[in-house]
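Throughout, numbering of the chain's residues begins at 1 and tracks the sequence. Hydrogens, waters and symmetry mates are skipped; everything else that's a heavy atom, side chains included, is used.
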Amino acid sequence: LRDLSRIWKGMLKVTGDIIDTSEKALLLWYGEVNRVIGDRFTNQKDCDWLHNATVEIIGEDLGSEYSDKLHKDIFFADFMREPPEPTGEEPDDAEFEAPKIYEQVDVKEELPTKLRSYLENV
């Protein structure tokens, strides 16, 4: 039950303006299942099993239009947004923090670029 609650907790981090279609909700669920359950697996064979079993079940229950959208590189993160730009109307001691918006991340382009920028600023 703990893993199920972690999946739901991850899904509840997202607001309705980010997840505004059933397809996006499914991708979020799939990403959370992989984050919570898939991270426990220690070899690629088990990870492949989870992916294939999930795709098969979604295909049976919702159809191939949904199961075809599931791939292994679905990730969500809350560190991709930039802090707001100062307008000049803020107090001198104002701090600008990036908003923590949990959203889908493109792991091939956006994520490596963002992580490199964090490493350069360390």
Quiz item: So V33 and I7, side-chain contact (heavy atoms from CB on, under 4.5 Å) or not? Walk me through it.
Solution: CA-CA 6 Å; V33 166; I7 291 168; 3.9 Å; yes
Practice problem: For E103, check side chain to side chain contact (heavy atoms under 4.5 Å, CB included) against everything at least two apart and list the hits. | Solution: I18, M80, R81, I101
Exercise. Could you list the residues that satisfy side chain to side chain donor-acceptor pair (under 3.5 Å) with E82, not counting sequence neighbours?
Key: K114
Quiz prompt | Heavy-atom side-chain proximity of L26 to I58 below 4.5 angstrom | solution = yes
Practice problem: List for me each residue that meets side chain to side chain contact (heavy atoms under 4.5 Å, CB included) alongside W8, sequence neighbours excluded, and say none if there are none. | Solution: M11
Quiz item: Are L70 and V105 connected in the hydrophobic side-chain network, where two residues link if heavy atoms are under 4.5 Å apart?
Solution: no
Quiz item: Does any pair with a residue in residues 49-64 pass salt bridge (charged side-chain N to carboxylate O under 4.0 Å, His left out), and if so which ones, sequence neighbours excluded?
Solution: none
Quiz item: What residue pairs, at least two apart or across chains, pass side-chain hydrogen bond (donor to acceptor under 3.5 Å, both in side chains) with a residue in residues 15-34?
Solution: T15-D17, D20-K24, S22-Y66, Y30-N34, Y30-H51, E32-R35, E32-Y102
Quiz item: So, do Q104 and I74 sit near enough that their side-chain heavy atoms are less than 4.5 Å apart?
Solution: yes
Exercise. Might you confirm whether atom NZ of K69 has over 12 heavy atoms from other residues, nucleotides or ligands at distances under 6.0 Å?
Key: no
Quiz item: Is it true that D73 and K108 make a salt bridge, defined as a side-chain N closer than 4.0 Å to a carboxylate O?
Solution: yes
Quiz item: What about F76 and L115, same hydrophobic cluster or not, with Ile/Leu/Val/Met/Phe/Trp/Tyr joined at side-chain heavy-atom distances under 4.5 Å?
Solution: no
Quiz item: Passes side-chain contact (heavy atoms from CB on, under 4.5 Å), K13 versus K9? Steps please.
Solution: CA-CA 7 Å; K13 289 184 190 180; K9 185 177 179 182; 5.6 Å; no
Quiz item: Applying salt bridge (charged side-chain N to carboxylate O under 4.0 Å, His left out), which residue pairs with at least one partner in residues 39-53 are found, sequence neighbours left out?
Solution: D3-R40, D48-K72
